[in-house]
Each structure stands twice: as C-alpha cells, then as structure tokens.
> 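The structure that follows is given in the form of structure tokens.
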Protein chains: 2
Amino acid sequence: MTEKIPTIQDVARIAGVSTATVSRVLSAPDMVRARTRERVTDAIESVGFTPNMAAQSLRRRRVKTVLVALPNIGNSFFGPIVDAIERACTERGYDVLIVNRRPDSSDDASLLSYFNSNRADGLLLFDGSTSRSNWSARVGNRELAFPTVNVCELIEGGGLPTVLSDNEGGVEMAIDYLVRMGHRNIGRVAGPEENVLNRQRGLGYAKALKRHGIDPGLQWRHAGPFGFQTGHDAARRFVELADKPSAVFCDADEIAIGFISELHAHGLTCPNDVSVMGFDDIPFAAQSSPPLTTIRQQHKQLGRLAAELLMDMLEGGLQGETAHVVLACELVERQTVRAIAPTQT
Amino acid sequence: MTEKIPTIQDVARIAGVSTATVSRVLSAPDMVRARTRERVTDAIESVGFTPNMAAQSLRRRRVKTVLVALPNIGNSFFGPIVDAIERACTERGYDVLIVNRRPDSSDDASLLSYFNSNRADGLLLFDGSTSRSNWSARVGNRELAFPTVNVCELIEGGGLPTVLSDNEGGVEMAIDYLVRMGHRNIGRVAGPEENVLNRQRGLGYAKALKRHGIDPGLQWRHAGPFGFQTGHDAARRFVELADKPSAVFCDADEIAIGFISELHAHGLTCPNDVSVMGFDDIPFAAQSSPPLTTIRQQHKQLGRLAAELLMDMLEGGLQGETAHVVLACELVERQTVRAIAPTQT
DNA sequence: GCAGAGCCTGTAAACGATTACACAGCTTGA
DNA sequence: TCAAGCTGTGTAATCGTTTACAGGCTCTGC
C-alpha cells in the first residue's frame with residue numbers, strides 16, 4: 001500500500017500555484033503574499049511534503065552533510081566528541097556521515113570522493129599520522145576545495161584549520177603535578193610513534209622534566225598504539241624493571257587503565273607501588289578503581305567548535321584566515337597518584 | 001583555482017561517446033564493446049570522474065545510505081556495534097548516517113523524514129521504549145515503506161525485523177552461575193522501567209530464581225537509566241541496607257562498574273563484601289579492577305547481521321517473512337564473583 | 001542479395017527541486 | 001492619461017544521471 005511520496009508538484013497542484021511559488025514559500029517566505037503562503041503551507045501540511053534532498057542537492061550543489069572520518073569509532077575517547085558534533089550539526093540542519101578510517105585503506109582518495117561525488121560538503125578529519133602530510137599536497141594539487149577541519153590531531157604542514165587541545169601544555173601540567181608530589185623518576189607510556197599527538201605530548205614531557213632538572217633521556221619509556229593493549233604490554237615490561245620509576249605518565253587513559261589493570265594481575269597496586277596518570281579523561285577514568293588522575297580534554301567543546309567552524313566555512317566561504325583553535329586542558333586529581341618523600345638520586 | 005568537478009558529460013566528450021555509454025560502462029560494463037569500454041575507462045581515469053551521488057540518487061530513487069538511530073552515541077556499549085555496522089555497510093558500498101535520538105525530540109516524524117526526503121534508504125533502529133509501540137502504527141498508517149531493522153532492543157508489537165541478544169537466556173545464565181557459586185540472596189540493579197530490555201532481563205531473572213526456589217519478589221532491587229549514575233545511586237542505597245544481598249546482578253556493565261566504584265568509595269570491596277555481575281561485556285569490563293564477571297553480547301555480530309539484513313531487504317525487496325535473529329550470550333567469568341558457603345535463610 | 005536477429009550505441013525524456021527572467025496588475029507622480 | 005516602479009507569480013531552463021526506445025551495423029543462413 002506504499003503511497004507515492006508527495007513532490008513539490010503535488011503541493012503546487014493542491015494549492016493552485018506553481019512549483020516556483022511553493023519553493024519560495026520554503027526558502028524565501030516573505031517573497032510571497034501572505035494569503036498565498038498560507039494556502040501553500042496548508043497544502044504542504046495536508047500531504048506531508050518533505051523536499052527531496054537528492055533533487056535539492058543536485059540543484060543547489062550542496063548536501064548539508066558533514067563527513068566525520070575517525071580512526072576508530074570503537075575507541076571510547078571519540079564517543080563524547082562525536083556526540084557533540086552530531087548535536088551541533090543537527091542544530092544547524094546538517095547531517096553527519098561517519099566513516100571509519102582503517103589505516104590499511106590509506107586512500108585519501110576515498111575521502112575526497114565523498115566531496116566530488118557530492119555526498120558531503122565538508123570534512124572533520126581526525127588524523128595525525130605524520131606520514132600523511134602528503135594529504136595537503138594531494139589537496140593542493142586539484143581538490144583544494146574540500147573544506148576540512150582537523151580535529152584533535154593535526155596534519156603538520158597541512159595548513160588546515162584545526163581544533164585541538166593544548167597537548168604540550170597538558171602534559172607539562174601532569175609532570176609538574178607529579179614532581180610536586182615528590183616524583184623525580186617518571187616513566188612514560190607513549191602513543192604510536194608516527195602520531196603527532198605522541199610528538200606534542202613528548203615535547204611537553206621533555207620540557208617539563210628539563211625545567212625540573214631531570215634528564216628526559218634517562219627515563220623509562222614504552223610506546224604503542226592508543227588502547228588497552230599498549231598498557232598491558234608496558235606493564236609486563238614494567239614489572240621486570242630493576243629500577244622502577246615511582247610514577248608513570250600514560251599518553252591516554254585507555255593506556256593508563258590497561259597498565260593499571262595488568263599491574264594488578266601481577267600483584268602490584270596503584271598508587272602504592274607506582275603512581276599513574278592518564279590523558280583525556282574519558283568517562284571511565286572516574287569509574288576505574290582507583291579512580292584515575294588525569295588531564296582532561298574538553299571533549300564537548302572540541303567537537304562543537306570543530307563542527308561550528310566547519311559549518312561557518314561552508315556557509316561563509318573561505319575566510320582568508322585559517323583558524324587554529326587550541327583548548328586548554330585541566331588537571332583532574334583523583335586517586336592514582338601518591339605523594340612520596342623526594343628521594344635523592 | 002577550484003577547477004570544476006568533472007561530470008559524465010566531460011567524460012563522454014573526451015571518450016567521444018554519448019553519456020549513455022559512459023553510464024553503461026559504469027553500471028553494466030558488458031553491455032558495451034570492449035574497445036569502447038576501454039576508451040571510456042581511460043577518459044574516466046584521466047579526468048578523475050566520480051558520479052554525482054545527488055544526481056544518481058535522484059534518478060535511481062535510492063541513496064545507498066543507511067540511517068543509524070542511537071539513543072546515545074556516548075555510551076560505550078554502542079562503539080563496537082557501530083563499528084561493525086560501518087564495516088558491513090562500506091563493504092557493500094553503503095554510507096552510514098548517524099543520528100542521536102534524544103528522548104525529548106521524540107518525533108519519529110524526524111526519522112521518517114530521512115526516508116521521504118531521500119536521505120536514507122533504510123533504518124537501523126536502536127530503541128526499546130515500550131511507550132513507542134505507536135511507531136509501528138505510525139508506520140502502518142502511511143509510510144510503511146521505510147525499511148527498518150530493530151537492533152539490540154525491539155519495539156513490541158512493531159512487527160519489525162529484529163536482531164538482538166537472548167537477553168532472557170543471558171540473565172538466566174548469570175543467575176544460575178551466581179546460585180552455583182552459593183548465592184541465594186541476589187539483588188538486581190535494573191535498567192529503565194520503560195525499556196524492553198529491562199522487561200526481558202527481568203523475566204530471565206525471575207525465571208531463574210524461581211527455578212532455584214527463590215522468590216524474586218523478595219529480592220532487593222533498584223532501577224534507573226543505563227549508565228554509571230544508576231550504579232552510584234544503587235550503591236548508596238545498598239550500603240544502607242540492613243540485610244544485604246550477597247550478590248547483585250546489574251542490567252548493564254556500565255551500571256555494574258558504577259556500582260562497584262561507588263561501593264569502593266564507601267569502603268566496601270567487591271567481591272569480598274558483595275559479588276557483582278554485569279551484562280554486555282563492554283571493552284572496559286575486562287580492564288576494571290577487579291575485572292568484571294559478565295554476560296557477553298556478540299557486539300560485532302549484532303551490528304553486522306543487522307546491517308546485512310537491512311541491506312538484503314533494500315536490495316531484495318521485502319521478503320515476505322520478517323526475520324527475527326536472536327544471538328546467544330556467553331558467560332565471561334572474571335573476578336567480581338566470589339564463591340560462598342550456601343547459607344540457610 | 002536479402003530478411004531476420006543480434007549486437008552496440010545514441011537520442012531524449014525523465015527524476016524533483018531551484019531560480020533567472022518575464023510579465024501582469026497596481027500604485028504612484030507628473 | 002501615461003510612464004515608471006513595485007509586487008507577486010508563472011514559465012521554463014537547469015543541475016548530472018539513468019534508461020526506454022529506436023536505429024545502425026554486422027552476421028548468418030538461405
């Protein structure tokens with residue numbers, strides 16, 4: 001019994017006007033006389049008309065859709081951010097298309113195709129693989145026009161507008177705190193080597209340590225992808241260590257939580273045997289046992305600002321200046337860091 | 001320097017054929033002679049042509065896009081499922097549109113509009129508010145045609161194809177296990193009252209208890225939305241209890257983890273003071289301290305099967321039979337349940 | 001040499017909206 | 001009375017594909 005979906009023609013016929021008028025009622029209401037307008041709105045109402053987006057996009061040359069390219073939807077870090085993006089977008093009438101950017105399908109081409117096949121007007125790109133700085137070149141080549149905002153991470157030299165946290169400052173804050181708590185032997189479990197975040201956070205780590213007269217080069221270090229597994233691996237190496245750091249800074253909460261969890265499995269406890277800090281403040285950080293001391297990123301803000309920025313770009317054309325938003329981080333003190341008497345090493 | 005995006009016309013001109021032929025090369029290659037075909041593919045290659053989806057959708061009357069309506073993207077339970085959906089969809093050339101279904105914007109109308117405005121061909125609906133069984137009515141009324149698959153939850157009486165876990169059986173499994181471990185005073189922290197999952201899991205709970213000669217009506221119970229907060233609330237009530245259950249079954253891992261976390265804050269520990277079980281096996285369950293004993297849902301499978309089913313429907317038309325897939329759950333034994341000597345109450 | 005049957009390919013009409021342009025009807029002011 | 005200027009509306013072209021239909025070509029068998 002599938003009735004046909006009503007078109008603008010149906011509305012026009014019922015209201016006794018031309019399709020042009022119906023269209024105008026929808027997009028420029030005060031261009032049409034009040035009485036006519038009312039007849040049209042009634043007709044729209046009565047048949048339940050909704051403009052066909054395909055037709056509209058074809059004619060208008062834009063789809064009011066934003067593409068969100070994530071490295072891994074499964075990672076709980078992205079949940080709140082995507083949530084904020086979706087909110088901001090629907091508020092302004094944009095749809096949100098999600099694509100999981102598998103590292104293997106490294107084809108930026110497939111992202112670009114979303115643009116020139118008219119499936120998305122703009123792109124929110126979560127990507128910081130430094131190896132991918134050729135993206136900008138690629139873009140510069142021919143399709144410069146795909147409006148893109150880098151979120152959370154950034155592509156160095158890409159020249160793209162960016163919204164991210166002050167990663168360097170955030171880590172400095174963490175290290176300062178650990179030092180203040182008496183730690184001077186501070187290890188680090190880092191993110192993937194080829195990632196910008198890893199570099200930025202590494203910078204903050206080194207800078208802060210140096211400021212306190214500690215040689216960053218001498219500290220214990222482990223690196224791996226963002227995720228529990230890296231925490232596990234690090235913990236297994238950690239327990240073997242002869243000279244254990246009294247504190248370990250982890251580049252991500254998931255890593256920190258994996259680290260602590262595996263530590264427990266080996267009979268060590270946090271913060272008694274070692275203090276641990278994370279980075280992100282994902283929702284679980286507050287729930288783990290013990291609750292994780294960490295550096296908070298402003299997830300909601302990151303998502304919302306990036307989305308707003310992109311939509312502004314889409315609507316205002318390119319504004320000359322390419323924006324660069326950096327959000328401050330915040331120290332969240334919970335229970336995985338213990339104050340110790342400063343030892344003379 | 002924004003060059004124009006190439007159209008099928010450009011390709012046709014370059015290859016020296018008509019647009020019809022180009023179109024055929026793309027959608028029915030063996031309808032055109034090998035030599036011509038090659039000239040066309042070369043032309044396509046050389047200008048980097050990608051069909052304009054808006055035009056294609058307009059003509060073909062389908063957009064190859066699936067709408068995913070979640071109650072809350074932020075909830076980490078959905079991560080792996082959405083991941084699986086996205087994988088299955090892109091494999092078959094479908095895009096994934098995400099919409100966060102805020103309870104307040106209760107308008108099913110807005111979901112339907114995705115359909116009749118030609119923005120999505122089908123819907124993966126995560127929704128189990130029993131109050132919403134009018135959805136089916138609404139659908140039956142006029143827009144029956146929006147192909148929909150219920151995922152994880154289901155709308156009772158909606159008559160929609162469904163993919164979900166054996167919630168009842170899963171909880172029975174949990175209770176059987178707790179009883180086997182010596183528990184006979186088993187509380188429950190339930191999900192939101194108006195949710196089907198709550199009902200289904202409640203059924204399993206009651207059934208299993210009765211089978212073991214325990215009166216479900218006499219057990220301690222707390223209910224609230226899925227999320228940490230409910231766990232916290234439950235814990236605060238729990239610590240006040242005179243006659244504490246020796247075990248508590250939680251309707252979701254997030255609830256269980258919140259419960260344990262808040263218990264710790266009050267000086268009680270799990271599983272020494274109380275055994276706790278969750279449901280879902282979200283990624284964090286294995287990482288929390290102590291690792292959570294829970295009932296695993298097959299997230300990947302749920303997502304993939306639902307997506308496949310929907311796409312099959314879209315491509316094969318409606319198959320007469322409306323499918324009803326129920327996936328088995330699995331008990332994951334970790335460390336939040338302690339064996340106790342059965343007490344004679 | 002020709003009818004008939006296949007193959008390929010082109011022509012042109014959709015799909016459902018938007019919008020430049022034209023124009024009808026009314027004011028207004030000279 | 002008429003030119004000029006508004007308003008409000010309709011006409012028709014357009015966006016970039018797909019596809020029904022028609023027709024040209026080649027091949028076969030007589």
Side-chain angles (χ1 to χ4, degrees), chain A residues 3-41 43-44 47-65 93 113-121, chain B residues 3-41 43-44 47-65 93 113-121:
Chain A
E3 297 184 28
K4 243 182 78 266
I5 292 173
T7 76
I8 202 175
Q9 320 267 2
D10 301 322
V11 176
R13 191 163 19 76
I14 294 180
V17 297
S18 75
T19 62
T21 301
V22 177
S23 176
R24 281 192 275 256
V25 169
L26 259 25
S27 51
D30 34 37
M31 193 185 258
V32 9
R33 190 162 40 144
R35 258 188 34 223
T36 320
R37 198 189 318 151
E38 198 175 341
R39 256 187 312 147
V40 172
T41 32
I44 290 179
V47 298
F49 166 72
T50 324
N52 181 318
M53 284 306 262
Q56 203 169 62
S57 310
L58 176 58
R59 184 56 225 235
R60 288 199 169 148
R61 266 86 181 296
R62 48 182 223 151
V63 282
K64 294 213 96 185
T65 297
S113 89
Y114 275 86
F115 177 63
N116 42 31
S117 73
N118 203 342
R119 281 181 293 174
D121 300 321
Chain B
E3 297 183 28
K4 245 183 78 262
I5 292 173
T7 75
I8 202 173
Q9 319 266 4
D10 301 321
V11 176
R13 190 163 19 77
I14 293 179
V17 298
S18 74
T19 63
T21 301
V22 178
S23 176
R24 280 190 276 254
V25 168
L26 260 25
S27 54
D30 36 36
M31 194 186 258
V32 8
R33 192 167 33 147
R35 258 187 34 223
T36 320
R37 196 190 318 150
E38 198 175 340
R39 257 187 311 149
V40 172
T41 33
I44 290 179
V47 298
F49 166 74
T50 325
N52 181 317
M53 284 307 260
Q56 200 169 64
S57 310
L58 175 58
R59 183 55 223 234
R60 287 199 170 147
R61 266 86 182 295
R62 48 181 223 152
V63 282
K64 294 212 95 184
T65 297
S113 89
Y114 275 86
F115 178 62
N116 43 31
S117 73
N118 204 341
R119 280 181 293 174
D121 301 321

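Treat the numbers as computed from the prediction; the structure is a model and nothing was measured.
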> Mind running side chain to side chain contact (heavy atoms under 4.5 Å, CB included) on B:V11 and B:V47 for me, showing each step along the way?
CA-CA 7 Å; B:V11 176; B:V47 298; 3.9 Å; yes
> What pairs with A:R61 under side chain to side chain contact (heavy atoms under 4.5 Å, CB included), at least two apart in sequence or on another chain?
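Listed in chain order: nothing, the list is empty.
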> Who passes side chain to side chain contact (heavy atoms under 4.5 Å, CB included) against A:R37, sequence neighbours left out?
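Partners of A:R37 by the side chain to side chain contact (heavy atoms under 4.5 Å, CB included) criterion, ordered by chain and then number, come out as A:V25, A:P29, A:V32, A:A34.
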> How sharply is the helix from C:dG1-D:dC30 to C:dA30-D:dT1 bent, taking the axes over five pairs at either end and rounding to 10 degrees?
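That helix has its two terminal axes inclined by roughly 50°.
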> Suppose we screen for side chain to side chain contact (heavy atoms under 4.5 Å, CB included). Which residues come up paired with A:R13, at least two apart in sequence or across chains?
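Listed in chain order: A:D10.
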> Could you check how far CZ of B:R62 sits from P of D:dT17, rounded to whole Å?
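To the nearest whole Å, that distance equals 17 Å.
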> Produce a footprint string for nucleotides 15-27 of chain C: one letter per nucleotide, 5' end first; B if the base is under 4.0 Å from any protein heavy atom, S if only the sugar-phosphate is, - if neither.
BBBBB--------
> How long is the gap from CG on B:N116 to OG1 on A:T50, to the nearest 0.5 Å?
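Reported to 0.5 Å precision, the distance equals 4.0 Å.
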> Nearest 0.5 Å please: distance from the CG atom of B:L26 over to the CZ atom of B:F49.
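Those atoms lie 6.0 Å apart.
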> Less than 4.5 Å apart, any side-chain heavy atom of B:R60 and any of B:S27?
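B:R60 reaches B:S27 side chain to side chain.
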> Check whether any side-chain N or O of B:N118 sits under 3.5 Å from a backbone N or O of A:M53 as a donor-acceptor pair, and report yes or no.
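No; judged by distance alone, with no hydrogens or angles, the pair does not exist.
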> Nearest heavy-atom pair of A:S23 and A:I8: which atoms, and what distance?
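So the two residues come closest at N-CD1, 3.8 Å.
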> Near DNA chain C, counting only heavy atoms under 4.0 Å, which residues of residues 28-41 of chain A show up?
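Listed by number, there are none.
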> Let's go through A:K64 and A:S57 carefully: what are the C-alpha distance in whole Å and the side-chain angles of both, what is the deciding distance for side chain to side chain contact (heavy atoms under 4.5 Å, CB included) to 0.1 Å, and is it a yes or a no?
CA-CA 8 Å; A:K64 294 213 96 185; A:S57 310; over 6 Å; no
